[in-house]
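Notes follow the structure.
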Amino acid sequence: VQLQASGGGLVQAGDSLRLSCQASGRTFNSVNMAWIRQSPGKGREFVTAISTSGGRTYYADSVKGRFTISRDNAKNTAYLQMNSLKPEDTAIYYCAARSAVLTGPSLWYDYWGKGTLVTVSS
C-alpha cells in the first residue's frame with residue numbers, strides 16, 4: 001500500500017491542525033493505520049493507531065485528550081485531528097499501515113508514507 005501524508009504546517013501553541021493520509025494500492029479497510037512522529041534529534045515515537053474498522057484506537061499518553069485518529073474507508077483516508085498543540089508536538093508526522101492485528105502502541109508497521117512536518121511555535 002502507498003501512503004501520502006499531508007496537512008502539516010507552522011502553527012502557534014494552542015492551535016489545531018488536521019493531518020490526512022491518503023492510501024492507495026491495496027484495500028484500505030484491510031490495514032490498520034497509525035501516526036508516528038519523529039522530533040528533531042530524537043527517535044520515532046508512536047502517536048496513535050486505529051483498527052481496520054475504526055472500532056479500536058490507541059494513543060500515546062502525551063497526546064491523549066488532545067489528538068484524535070479517525071478513518072474513512074470509503075475515501076481510503078486516515079486522519080489525525082490535533083488540538084491544543086504544544087511546542088513539543090513539533091515533529092515530522094508519518095502515517096503507517098500494517099495488516100497484523102493491533103495490540104497496543106507499536107512502531108512495527110509494514111508501510112510508511114514520507115511524512116509531513118508540523119511545527120508548533122511558542
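Only heavy atoms go into these numbers, but all of them, side chains included; no hydrogens, no water, no symmetry mates. Throughout, residue positions are numbered sequentially from 1 according to the sequence presented. Quick caveat, the model's predicted, so the values are computed rather than measured.
For the pair Trp35/Ile69, a side-chain contact is recorded, criterion being any heavy-atom separation below 4.5 Å from C-beta on. Using a 4.5 Å heavy-atom cutoff, the side chains of Met33 and Cys21 are in contact. With contacts defined as side-chain heavy-atom distances shorter than 4.5 Å, the pair Arg98/Val31 does not qualify. Inter-residue side-chain proximity for Ser70 and Gln81 is flagged as unmet; no heavy-atom pair is nearer than 4.5 Å. The closest side-chain heavy-atom distance from Thr68 to Arg18 is not below 4.5 Å. Using a 4.5 Å heavy-atom threshold, the side chains of Tyr93 and Leu80 count as touching. Side-chain contact between Lys86 and Arg66: present, with at least one pair of heavy atoms (C-beta onward) separated by less than 4.5 Å. Taking 4.5 Å as the limit, every side-chain heavy atom of Thr48 sits out of range of all side-chain heavy atoms of Phe67.
For the residue pair Thr77 / Gln22, a side-chain donor-acceptor distance below 3.5 Å is found, with atom types taken as modelled.
Under the 4.5 Å side-chain heavy-atom criterion for Ile, Leu, Val, Met, Phe, Trp and Tyr, Tyr111 and Leu107 are members of distinct hydrophobic clusters. Ile92 and Tyr109 fall within the same hydrophobic cluster, where Ile, Leu, Val, Met, Phe, Trp and Tyr residues are linked whenever their side-chain heavy atoms come under 4.5 Å apart, directly or through other members. Residues Leu117 and Leu19 are members of separate hydrophobic clusters, defined by side-chain heavy-atom contacts under 4.5 angstrom among Ile, Leu, Val, Met, Phe, Trp and Tyr. No chain of hydrophobic side-chain contacts below 4.5 Å, direct or via other Ile, Leu, Val, Met, Phe, Trp or Tyr residues, connects Trp112 to Ile50.
Under the side chain to side chain contact (heavy atoms under 4.5 Å, CB included) test applied with Phe46, the options Tyr59, Trp108, Tyr58 reduce to a single match, Tyr58.
Cation-pi contact between Arg71 and Tyr79: absent, since separation from the ring centre below 6.0 Å together with deviation from the ring axis within 45° is not met.
Closest approach of Val120 and Asp89 over heavy atoms only: CG2-CB, 4.3 Å.
Thr116 places a side-chain N or O within donor-acceptor distance of the main-chain N or O of Gly8, the cut-off being under 3.5 Å. Judged by distance alone, with hydrogens and angles left aside, the side-chain atoms of Asn32 form a donor-acceptor pair with the main-chain N or O of Thr52 at under 3.5 Å.
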